[in-house]
Amino acid sequence: MDYFKKTKIAHILKENDKARDSVIVMGWIRTRRDSSNLAFLEINDGSSLANLQIVLENPENFADLERAKLGASVHLEGPLVPVPERKHKIEMHPISLTVVGDCPPEYPLQKKRHSFEYLREIAHLRPRTNTFGVISRFRSKISYAVHKFFQDRGFYYVHSPVITGTDAEGAGDMFRVTTLDLYKLPFVDKNIDFDKDFFASESFLTVTGQLEAELMATALGDVYTFAPTFRAENSNTSRHLSEFWMVEPEMAFCDLFENMQLAGEFLKYLFRYALDECAEEMSFFNQWINKDRIKTLESVINTDFIQCPYTDAVEILKKAKKKFVFPVDWGVDLQSEHERFLCEEHFKAPVMVYDYPRQIKAFYMRVNDDGKTVGALDVLVPQIGEIIGGSQREERLDLLKDQVEYFNIDEKTVDWYYDIRRYGTVPHAGFGLGFARVLMYMSGMSNIRDVIPFPRAPRSAKF
Ligand code: 4AD
Ligand code: MG
C-alpha cells in the first residue's frame with residue numbers, strides 16, 4: 001500500500017514552494033468539481049486542516065474517476081506543481097488515481113455545515129469534519145505539552161489504577177465493578193456477599209488517581225498521573241462527562257501556596273504552548289469558534305492569577321447586586337453561577353479560591369489552624385467555572401483519623417492510605433486539572449462533549 005512512501009499533506013503544504021517530480025498521497029475526497037477537460041479534487045489525509053488541491057488533466061485517462069466520490073479514499077501519484085499566484089500555492093497533477101474504498105451517496109458528511117449536536121450522534125464519523133479534525137489534533141498536541149511540562153521539571157509519570165475500593169472524593173458517585181451475576185446475587189443475612197465478588201470486596205471505577213499518586217510522591221518526590229477517571233453524577237450539563245481525563249501532579253515537601261504557584265505556571269505553559277505550537281488550531285478556533293480566544297490566552301499569560309480566600313469570596317458574593325438562584329452563605333459550596341460571577345463579573349479574570357470550609361471538601365485535605373477550613377484550592381475561569389481542584393493533604397495521622405471519623409468513612413478502606421503518615425510522613429500537595437475543561441477554555445468550544453472523541457454521559461455510551 002506504499003505506507004512508507006507516502007507524503008503527508010501537512011508536509012507538502014509547509015513546503016508549498018517546492019516542485020517535486022513525483023509523490024504519493026493517500027486520503028479522503030472532500031470536494032469534487034468537473035469541467036469539460038479537467039477534474040478537481042480536494043484531498044484531506046488528516047494531517048492538517050487544509051486540503052491538497054488535485055488537478056486531473058484529461059479525466060478520460062483515469063479509469064477510477066467515476067468512483068472518486070465525496071468521502072471515498074484514494075491513492076494518488078504524480079508531480080507537485082507550485083502555483084504561487086493561487087490561494088492554495090501548490091497542487092498535484094496526478095499520473096495515477098486509484099480508489100481504495102468507495103463511498104456511497106448517502107455519506108452523512110455532505111459539504112454543508114452540520115450542527116455540533118447532529119455530529120455527536122455520528123461521533124464515529126465526526127473526526128472527518130474540519131472542526132473535529134482540528135480538535136483531535138489539538139487534543140493530541142496539548143497532551144504532549146502536559147507530559148513535556150512535567151517531564152522537563154523532573155516529575156515522574158505514574159500509572160494510577162482504574163479499579164479501586166475507595167471513594168476518595170466522598171461524593172458517592174462511583175460506577176460499580178463486579179462479576180457477580182445480577183440475577184443471582186449471593187447474600188449473607190440481608191446484605192450482598194461481596195466476599196464472593198471478583199476482588200472479594202466492593203470495587204469501583206476510580207474517581208481520581210490522587211491517593212495512589214500521594215503514595216508514589218512520598219517515594220519518588222514529584223509525580224503526575226494523566227488518566228481517565230469516572231463519575232456517575234447524573235448531571236447532564238455542558239461541563240460534565242461520566243468519563244474524563246484528569247492530570248494530577250502530586251509533590252512531596254510542598255504546601256498549598258507552592259501548589260498554587262505550580263498550578264498557575266502549568267496553565268500558563270499550556271496556553272503558551274498552544275499559541276506557539278498549535279498556530280493552525282488556535283487561528284481556526286479564533287475565527288470559527290470564539291473570536292477572542294487568542295487575546296484571552298495572551299492576557300492570562302501576561303497577568304498574575306488572582307488569589308482569593310473562600311471567606312472573602314463569600315463576602316464579595318453577598319455584597320453583589322446580582323440575584324443568585326442558590327443563596328450564598330459561609331459554609332455552602334459555591335455553585336457554578338457563583339464561580340462564574342467571581343471570574344466573569346467581579347475579577348474579570350481567572351481566580352484561585354482557597355481555604356474552603358472543612359465540611360464541603362474531601363476528607364484528605366489538610367485542616368487549617370482555625371479548625372474550620374481546609375487547605376483546598378479551586379481554579380475558576382470565565383465561561384466554565386472550575387477547571388482545577390486541589391489541596392494540601394493532611395499529613396498528620398491523628399488529624400487524618402479525625403477527618404475519617406468526621407466524614408463517616410469506613411477505616412478499613414483507608415488503612416493503607418494511613419501508612420504514608422505512619423512511616424516518614426511529609427507535607428505534600430497536588431491538584432487535578434480536568435483535561436476536557438481546559439481544552440474547552442483554550443478552544444472556546446461550549447460543550448465538553450465536543451472536545452473528547454467519544455463522550456460518555458448519562459444515557460449515552462455508544463461508539
Ligand atoms: O475537583 P475534583 O473533584 O478534584 C479531584 O478529583 C482531586 N482528587 C484532584 C487532586 O487534588 N489531585 O476534580 C478535579 C477537576 C475539576 O476541577 C474539573 O476540572 C474536573 O476535574 N472534573 C470534571 N471534568 C469533566 N467532567 C466531570 N464530571 C468532572 N468532574 C471534575
Ligand atoms: Mg472540585
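All ligand and atom numbering here is 1-based and tracks the order in the structure. Keep in mind that the numbers below use all heavy atoms, side chains included, and drop hydrogens, waters and symmetry copies.
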For ligand 1, which part of Glu250 has a heavy atom less than 4.0 Å away: the side chain, the backbone, both, or neither? neither
Between Phe138 and Phe285, does the ring-ring contact (aromatic ring centres under 6.0 Å, His included) criterion hold? Intermediate values first, please. CA-CA 10 Å; Phe138 189 61; Phe285 297 140; 5.0 Å; yes
Could you list which atoms of ligand 1 come closer than 4.0 Å to a heavy atom of Tyr364? 7 (C), 8 (N)
Are Phe230 and Phe204 close enough that their ring centres sit under 6.0 Å apart? no
Given that the side chain starts at C-beta and the backbone is N, CA, C, O, which of these parts of Phe244 lies under 4.0 Å from ligand 1, counting heavy atoms, or is it both or neither? side chain
Any N/O/S atom of Glu386 sitting less than 2.8 Å from the Mg ion (ligand 2), backbone or side chain? yes
So for ligand 1, is Glu386 a polar contact partner (N or O within less than 3.5 Å, distance only)? yes
Specify side chain, backbone, both or neither for Arg393, according to which of its non-hydrogen atoms lie closer than 4.0 Å to ligand 1. side chain
Determine, for Tyr3 and Lys6, whether the Lys NZ or Arg CZ falls below 6.0 Å from the six-membered ring centre while staying within 45 degrees of the axis. yes
Geometric class of the Phe149/Phe266 ring pair [parallel <30°, tilted 30-60°, perpendicular >60°]: tilted
Nearest-option assignment for atom 2 (P) of ligand 1, heavy atoms, candidates His240, Arg456, Met246, Arg231: Arg231
Quick look: Ile388 vs ligand 1, heavy-atom contacts under 4.0 Å, and the answer is backbone
Is the backbone of Val158 close enough, under 3.5 Å, to the side chain of Ser160 for a donor and an acceptor to pair up by distance? no
At under 4.0 Å between heavy atoms, which part of Arg437 makes contact with ligand 1: side chain, backbone, both or neither? side chain
Which word best sums up how the rings of His124 and Phe463 line up, parallel for under 30°, tilted for 30 to 60°, or perpendicular for over 60°? parallel
